[in-house]
Amino acid sequence: MTERYEPSLGLSIRVYIEDTDAGGIVYHATYLNYMERARTEWVRSRGVGLRAGLADNVSYVVQRLSIHYGVPARLDDELRVTAEPVTYGRVWMDFRQQVIRLHDEAVLASADVRVACVALDSGRPRRLPENMLALLESDRKTNSHVK
């Protein structure tokens, strides 16, 4: 299944055997992979290339994460993973994320994630690039939830 991020829908993912334990239930850390993909696709869907950022000594790291696991995903479930920016500062962005099962719209996991911008060569904090700030500012103007 090709992964594609639709801003109003999120990232579509199907659960494969490699995502699960022996009982066919998605392993808890796999949700973090799904959320990482959704954040990456959120950025990509708005025209910001992460590879270009690497060339400019820019990288992004998860600084803080709070996650709640509600209902387990299972083998072959179709999921929607959302990534919604809620606030940002000079060197960080906060996202609210959900993993939702499509057939019944159950929220399987929800998380608040802080992503920090760092210099790739040193790992030290650095300002968000202008293109990322412009993206977040644009989202703030069109969506009242971004502060």
Out of curiosity, [X] [atom1] to [Y] [atom2], how far, rounded to the nearest 0.5 Å?
{"X": "Arg96", "Y": "Thr82", "atom1": "CZ", "atom2": "OG1", "answer": "9.5 Å"}
{"X": "Asn33", "Y": "Thr30", "atom1": "CG", "atom2": "OG1", "answer": "6.0 Å"}
{"X": "Glu41", "Y": "Ile13", "atom1": "CD", "atom2": "CD1", "answer": "9.5 Å"}
{"X": "Gln97", "Y": "Trp42", "atom1": "CD", "atom2": "CH2", "answer": "11.0 Å"}

### Task
Please identify each residue that fulfils side chain to side chain donor-acceptor pair (under 3.5 Å) with Glu36, with sequence neighbours left out.
Arg39
### Task
Using the test side chain to side chain donor-acceptor pair (under 3.5 Å), find all partners of Asn57 that sit at least two apart in sequence or belong to another chain.
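Only Asp121 meet the side chain to side chain donor-acceptor pair (under 3.5 Å) criterion with Asn57.
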### Query
Tell me, which pairs form a salt bridge (charged side-chain N to carboxylate O under 4.0 Å, His left out) where one or both residues lie in residues 16-31, sequence neighbours left out?
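Those involving residues 16-31 do not exist here.
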Single-linkage hydrophobic cluster, 4.5 Å side-chain cutoff, [X] and [Y] together:
{"X": "Val48", "Y": "Val113", "answer": "yes"}
{"X": "Val62", "Y": "Val81", "answer": "yes"}
{"X": "Met35", "Y": "Val107", "answer": "no"}

#### Entry: Passing option when Leu79 is tested against Leu102, Ile100, Val99 for side-chain contact (heavy atoms from CB on, under 4.5 Å)
Val99
Tell me the closest heavy-atom pair linking [X] and [Y], and the distance in Å.
{"X": "Cys117", "Y": "Arg127", "result": "SG-O, 3.5 Å"}
{"X": "Tyr16", "Y": "Leu75", "result": "C-CD1, 3.6 Å"}
{"X": "Trp92", "Y": "Leu128", "result": "O-CD1, 3.6 Å"}
{"X": "Leu65", "Y": "Ala111", "result": "CD1-CB, 4.1 Å"}
{"X": "Ile67", "Y": "Leu32", "result": "CD1-CD2, 4.0 Å"}

### Message
Looking at Glu105, I'd like to know if its CD atom is crowded, meaning that more than 12 non-hydrogen atoms belonging to other residues, nucleotides or ligands lie closer than 6.0 Å.
### Response
yes
### Message
One thing to verify: whether Asp104 and Arg101 come together as a salt bridge, which I'm taking to mean a side-chain N less than 4.0 angstrom from a carboxylate O.
### Response
yes
### Query
Under a 4.5 Å cut-off applied to non-hydrogen side-chain atoms, are Met93 and Leu136 in contact?
yes
### Message
Tell me every residue that passes ring-ring contact (aromatic ring centres under 6.0 Å, His included) with Tyr69, counting only those two or more places apart in sequence or in another chain.
### Response
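With neighbours one apart ignored, the set is Tyr31.
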## Note on the structure
Residues at least two apart in sequence or cross-chain that pass ring-ring contact (aromatic ring centres under 6.0 Å, His included) with Tyr34, listed by chain then number, are none
### Message
Considering only residues two or more places apart or on different chains, which pairs with a residue in residues 106-117 satisfy side-chain hydrogen bond (donor to acceptor under 3.5 Å, both in side chains)?
### Response
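For residues 106-117: Asp94-Arg114.
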### Message
Leu108 vs Val71, test: side chain to side chain contact (heavy atoms under 4.5 Å, CB included). Steps then yes/no.
### Response
CA-CA 5 Å; Leu108 309 181; Val71 180; 3.8 Å; yes
